[in-house]
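What follows is a single structure, written as structure tokens, with notes after it.
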Amino acid sequence: MAETITIQEIRKTYGPVVALDRINLDVGAGEFVSILGPSGSGKTTLLMILAGFVQPDHGSIRFTGREVITMPPYKRDIGLVFQNYALFPHMTVASNVGFPLRYRKADKSETRRKVAGALDLVRLNGYESRRIDELSGGQKQRVALARALVFNPRILLMDEPLSALDKKLREQMQIEIRELQRRLGMTTIYVTHDQREALTMSDRIAVMNNGAIQQIGTPAQIYEEPGNLFVASFLGDSQLLRVDMVGDSTARMGDTTIRLRKAPGAGAGEGFLVLRPEKFEIVRDVPKSSELNVISGQVKDVVYQGENVLVLVALPTGETVSIRRATNEGSRRHLPVAGEHISLGIHPADTIVVKGAA
Ligand code: ADP
Ligand code: MG
């Protein structure tokens with residue numbers, strides 16, 4: 001059975017550095033939760049505390065109700081995968097994958113059977129007698145994953161396991177790990193600084209910055225309803241425009257009134273309109289009845305990027321926003337050119353407003 005993980009009020013300091021400050025997080029049985037944040041935000045420290053390699057100053061960690069804070073790492077029954085593989089390079093695949101079983105006093109035939117089973121999961125059957133230094137990066141990371149899974153752990157912790165791989169392999173492994181985790185059902189905490197990876201893989205994401213959790217939610221909640229300025233700017237290609245909030249569903253940007261998706265309790269005051277390049281339309285004729293917000297601007301540049309074209313538009317406020325268009329025939333035919341005056345349409349449902357001053 002999978003375990004639940006309850007993290008309460010975890011704090012960790014290194015001298016004057018507060019690596020973690022009041023971390024609270026509940027992870028459900030079988031859930032896949034990513035810890036997403038920039039370098040230095042405390043992700044690895046939190047994972048090492050969960051694994052038992054780092055002792056917090058304060059706080060509690062429970063696995064299905066049992067306090068584990070004083071429990072040594074080997075008793076926690078956790079599968080761990082690191083960024084740098086942490087394999088024994090001169091040993092074979094089989095002896096690396098079988099390593100955790102030695103602690104667990106498995107006999108030879110049981111070890112052989114379990115190692116074969118774990119290699120099967122990561123699609124490396126037949127690689128038992130290969131040496132680690134004869135493998136590619138992707139194969140090494142599969143061995144590391146097999147070693148973490150070989151004793152059938154109830155919790156899997158991974159710290160940036162794919163960051164050494166190239167983009168194509170990384171994206172393929174994201175889908176594979178996700179699929180494997182769903183199939184085996186162990187509770188998983190996955191550390192990454194890569195927003196796309198977190199969005200792709202997770203049931204929920206905890207966004208971290210400066211040792212504190214900024215927001216916890218599903219990928220769509222984190223992306224579409226960021227709770228503060230940090231989350232809004234960390235996810236997506238966010239463009240922040242200063243606005244004055246007039247009410248729950250209206251803001252002013254210079255002379256323009258912007259109708260907003262309802263933000264209950266937003267109230268009046270300074271805020272930022274968070275715009276993402278995929279949320280705009282270039283509008284030619286706006287029907288009078290349309291709810292669409294229309295902002296005028298002048299095209300500064302049109303940048304070809306392969307799958308997309310970015311249209312950079314200068315607004316009357318002096319700010320520049322970018323709009324992303326797919327490079328299919330339909331949208332190519334209507335692409336504006338540099339110097340052209342155009343109208344940008346943003347549906348109220350696609351607006352995000354975050355309160356606060358810069
Ligand atoms: P992340 O994994 O998000 O990059 P870390 O958890 O590694 O962040 O680090 C969080 C903060 O704690 C950083 O400021 C880092 O310098 C500090 N830190 C981490 N480990 C140690 C340590 N052993 N000694 C001193 N400072 C540390
Ligand atoms: Mg780290």
Side-chain angles (χ1 to χ4, degrees), residues 5-27 32-61 68-70 72-73 76 78-87 137 140-141 144-145 147-148 155-167 169-170 173-174 177 181 187-202 204-217 219 222-223 226-236 238:
I5 302 173
T6 310
I7 301 171
Q8 279 181 332
E9 296 292 314
I10 289 289
R11 184 178 164 84
K12 177 67 186 175
T13 53
Y14 291 105
V17 176
V18 182
L20 293 174
D21 189 21
R22 305 194 59 177
I23 299 296
N24 290 285
L25 178 64
D26 283 321
V27 182
F32 191 120
V33 171
S34 288
I35 311 287
L36 172 67
S39 173
S41 57
K43 307 181 298 295
T44 294
T45 304
L46 180 57
L47 216 68
M48 290 297 102
I49 289 172
L50 286 163
F53 295 114
V54 169
Q55 216 35 52
D57 304 348
H58 176 81
S60 151
I61 308 271
V68 297
I69 210 86
T70 57
R76 295 194 186 191
I78 285 174
L80 263 173
V81 184
F82 301 99
Q83 171 180 4
N84 58 5
Y85 318 125
L87 300 169
K140 284 179 193 163
Q141 200 49 280
L145 189 57
R147 182 182 58 184
I155 293 175
L156 184 60
L157 304 180
M158 292 185 266
D159 192 354
E160 313 234 14
L162 306 181
S163 53
L165 307 181
D166 62 43
K167 182 168 179 286
L169 188 56
R170 202 163 65 226
M173 289 290 289
Q174 287 166 7
I177 291 176
Q181 189 272 342
T187 309
T188 300
I189 298 186
Y190 188 99
V191 161
T192 181
H193 66 271
D194 180 338
Q195 51 162 307
R196 177 63 60 98
E197 190 161 293
L199 292 169
T200 301
M201 300 180 79
S202 319
R204 285 188 304 148
I205 299 171
V207 182
M208 280 190 75
N209 190 36
N210 286 332
I213 292 182
Q214 306 292 316
Q215 188 173 357
I216 303 172
I222 295 286
Y223 190 82
N228 64 30
L229 212 47
F230 177 81
V231 178
S233 45
F234 192 69
L235 281 119
S238 298

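Just so you know, ligand 1 is whichever comes first in the structure, and atom 1 is the first atom listed for that ligand. These numbers come from a predicted model, not from an experiment. Side chains included, hydrogens not; waters and symmetry mates left out as well; all remaining heavy atoms used.
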Exercise. N/O/S atom of Ser39 under 2.8 Å from the Mg ion (ligand 2), yes or no?
Worked result: no

Exercise. Taking atom CG of Leu87 and atom NZ of Lys140, what is their separation to the nearest 0.5 Å?
Worked result: 8.0 Å

Exercise. Do the side-chain N and O atoms of Gln215 and Asn228 include a donor-acceptor pair separated by under 3.5 angstrom?
Worked result: no

Problem set entry | N or O pair under 3.5 Å between Val17 and ligand 1 | no

For this session: For residues Ala206 and Leu25, report the shortest heavy-atom separation together with the two atoms involved.
Result: CB-CD1, 4.4 Å

Exercise. How about atom 18 (N) of ligand 1: does it have a protein heavy atom within less than 4.0 Å?
Worked result: yes

Seminar exercise, completed: Residue, atom and distance of the protein heavy atom nearest atom 24 (N) of ligand 1 read Tyr14 CD2, 3.4 Å

Exercise. When rounded to the nearest 0.5 angstrom, what distance separates CD1 in Ile216 from CD1 in Ile35?
Worked result: 8.0 Å

Problem set entry | Any N/O pair Gly40/ligand 1 closer than 3.5 Å | yes

For this session: Working to the nearest 0.5 Å, report the span between CZ of Arg196 and CG of Leu235.
Result: 10.5 Å

Exercise. What's the spacing between Met158 CE and Thr192 OG1 if we round to 0.5 Å?
Worked result: 11.0 Å

Exercise. What protein heavy atom is closest to atom 6 (O) of ligand 1, reported as residue, atom name and distance in Å?
Worked result: Thr45 OG1, 2.5 Å

For this session: State, without any angle test, whether Gln195 and Tyr223 hold a side-chain donor-acceptor pair at a distance under 3.5 Å.
Result: no

Exercise. Any idea which protein heavy atom is nearest atom 8 (O) of ligand 1, and the distance to it?
Worked result: Gly42 N, 3.2 Å

For this session: With side chain to side chain donor-acceptor pair (under 3.5 Å) as the test, would you mind laying out the steps for His193 and Glu160 before giving the verdict?
Result: CA-CA 8 Å; His193 66 271; Glu160 313 234 14; 2.6 Å; yes

Exercise. Looking at atom 12 (O) of ligand 1, what's its closest protein heavy atom, distance included?
Worked result: Ala19 CB, 3.4 Å

For this session: Kindly identify the option in Leu47, Leu20, Thr44 whose heavy atom sits closest to atom 7 (O) of ligand 1.
Result: Thr44

Exercise. Against heavy atoms of Pro38, which atoms of ligand 1 measure under 4.0 Å?
Worked result: 3 (O)

Problem set entry | Under-4.0 Å heavy-atom contact between protein and atom 15 (C) of ligand 1 | no

